[in-house]
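Step one of this worksheet: look at the structure below.
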Amino acid sequence: MKSRALLGLLADGQVHSGESLAASLGISRTAIWKQIRRAMDEGFRIETIRGKGYRLLTEMDLLDQNQILQGLSLSRRSAIELIVLDEVDSTNAEIVRRRRESGSGRVPVCIADCQTAGRGRRGRQWQSPRGQNLYLSLGLTFRGSFAMLDGLSLVLGVAVAEALEQQGVPDVGLKWPNDIFLAGSKLAGILVELQGELEEGVVQVVAGIGMNIHMTDAAGVDQAWASLAGALPERRWCRNEVAASVIESVLAAVDEFVESGFGDFKARWQNRDIFSGKTLIASHGELAGTGHGIDASGNYLISDGEELVKVRAGEISLRVRS
Ligand code: BTN
């Protein structure tokens, strides 16, 4: 988005003259006009007031690296390498590329304003329109085996749910293994991808989080979805604040998981289980029963009336029987 700096100046919703904008950005008034046209082509509503200047009518929520860093505790701020991009194929893919190039020792965190090839679980696409949602990935390194990943994916769900609750969002639900739900609709999804083994016993993982914040239209999404602004319109949602809160919560949860394992997370996950007590059916229809929460390793348990049957993350997907 070439007009990003210009939109930053217009973001206050006030009238700005072409002259003052040109002076602030160190470019000509003709260049300002071209950028205004380009921004309008990208969907921003900008009013031209004859003799006075320009006013942005679209509410802006621009990503800002400094604002995200300011929202983090000092220790987290120095522990991460924060990359904020205008556009990328996938923030998960970007983490993989950056990690190949640099070994700063800090946790790489990538956030983008839009993704051209956002990916979801089970090979699905993740709709990633510009300027509306949060697309965030973290590169995490663990000492251990691949087996820890099932637990990790549930831990991440708990961390995102807790970050939302700290932001004042009530009744956040978790749909096994790690979808974040609000009032029966999906608000956020998490994609955990294995990057590989750095050396014997050192596993590199990319954790990608997509959260709907301002989105009002998602033509290609085939399931009920929610957004923060749609569910809680009285609040002015700021992606930088939500991002900082998610990063802080995820990194704290990962530290806890590494130190103490999954134990404490079981109850924190289960308290938010949207499947509990519901009649469920597994994706291929071969298993039906009542949702019974998770076991100590994060497997989902279904009661078929006689026994509890275990469902492992990644093997099968669950839905409520209609
Ligand atoms: C799901 O299918 O529920 C998981 C969706 C994960 C989407 C996020 S957006 C940021 C990161 N980059 C991607 O390409 N995917 C994840």
Side-chain angles (χ1 to χ4, degrees), residues 63 68 80 82-99 107-140 149-150 152-161 163-164 172-182 184-195 204-215 218 220-228 239-240 242-247 249-251 254 269 272 274-275 283 298 300 313-319:
L63 290 175
I68 299 169
I80 68 168
L82 180 63
I83 307 139
V84 178
L85 300 173
D86 185 43
E87 183 176 299
V88 74
D89 50 355
S90 151
T91 52
N92 271 28
E94 184 65 17
I95 290 286
V96 172
R97 289 189 289 265
R98 299 257 172 170
R99 255 177 168 170
V107 177
V109 178
C110 179
I111 302 181
D113 200 38
C114 82
Q115 297 184 119
T116 53
R119 42 200 206 219
R121 290 182 66 229
R122 299 175 174 273
R124 294 199 189 103
Q125 277 189 342
W126 186 257
Q127 296 266 331
S128 310
R130 177 179 293 288
Q132 298 185 33
N133 300 327
L134 186 63
Y135 316 115
L136 182 161
S137 298
L138 305 99
L140 305 170
L149 297 185
D150 289 352
L152 172 69
S153 97
L154 275 76
V155 165
L156 295 172
V158 170
V160 173
L164 286 164
V172 181
L174 288 171
K175 173 175 171 254
W176 187 83
N178 59 13
D179 283 348
I180 287 83
F181 265 59
L182 264 190
S185 301
K186 181 161 167 173
L187 173 77
I190 302 175
L191 176 67
V192 179
E193 294 182 301
L194 193 62
Q195 185 169 350
Q204 287 191 317
V205 167
V206 184
I209 299 156
M211 185 186 294
N212 304 328
I213 304 218
H214 300 288
M215 191 161 74
V221 179
D222 59 358
Q223 62 173 321
W225 57 273
S227 71
L228 286 179
R239 289 188 295 168
N240 299 317
V242 178
S245 166
V246 169
I247 295 168
S249 182
V250 164
L251 293 179
V254 166
W269 192 93
R272 302 175 173 91
I274 64 164
F275 278 161
S283 52
Y300 203 79
E315 273 179 359
I316 223 164
S317 72
L318 293 173
R319 63 187 160 83

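The first residue in the sequence is number 1, and the count goes up from there. Indexing begins at 1, ligand by ligand and atom by atom, following the structure's order.
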A student checking ligand 1 against Gly118 at a 4.0 Å heavy-atom cut-off should list atoms 14 (O)
Under 4.0 Å, heavy atoms only, figure out whether ligand 1 is touched by the backbone of Gln115, its side chain, both or neither.
side chain
Could you check atom 11 (C) of ligand 1 against the protein and tell me its nearest heavy-atom contact, residue, atom and distance included?
Thr91 OG1, 3.3 Å
Under-4.0 Å heavy-atom contact with ligand 1, by part of Lys186 that carries it:
side chain
Non-hydrogen side-chain atoms of Trp225 and Leu187 separated by less than 4.5 Å
no
Is there a nitrogen or oxygen of Trp126 sitting under 3.5 Å from a nitrogen or oxygen of ligand 1?
no
Can you sort out which atoms of ligand 1 are near Ser137, meaning under 4.0 Å from one of its heavy atoms?
11 (C), 12 (N)
For Asp179, take its heavy atoms, then give the atoms of ligand 1 lying under 4.0 Å from any of them.
3 (O)
Taking the inter-plane angle between the rings of Trp269 and Tyr300 on a 0 to 90° scale, is it parallel (under 30°), tilted (30 to 60°) or perpendicular (over 60°)?
perpendicular
Between the CD atom in Glu193 and the CD1 atom in Ile95, the distance rounded to the nearest 0.5 Å is 11.5 Å
Numbered atoms of ligand 1 (with element) below 4.0 Å of Leu136, judged on heavy atoms
10 (C)
One thing to verify: whether Asp89 and Arg97 come together as a salt bridge, which I'm taking to mean a side-chain N less than 4.0 angstrom from a carboxylate O.
yes
Would you say the side chains of Gln125 and Arg119 form a donor-acceptor pair under 3.5 Å?
no
Is the closest side-chain heavy-atom distance between Val246 and Leu164 below 4.5 Å?
no
Please classify the Ile190 to ligand 1 contact at 4.0 Å (heavy-atom distances, strictly less than): side chain, backbone, both or neither.
backbone
Would you say that Gln127 contacts Gln115 through its side chain, given a criterion of any heavy-atom pair below 4.5 Å between the two side chains?
no
Heavy atom of the protein closest to atom 15 (N) of ligand 1 (residue, atom name, distance):
Arg119 O, 2.7 Å
Are the side chains of Ile180 and Leu174 in touch, meaning some heavy atoms are under 4.5 Å apart?
yes
Near Gly210 (heavy-atom distance under 4.0 Å), the atoms of ligand 1 are 7 (C), 8 (C), 9 (S)
Looking only at distances, please establish whether an N/O atom of ligand 1 is found under 3.5 Å from an N/O atom of Arg121.
yes
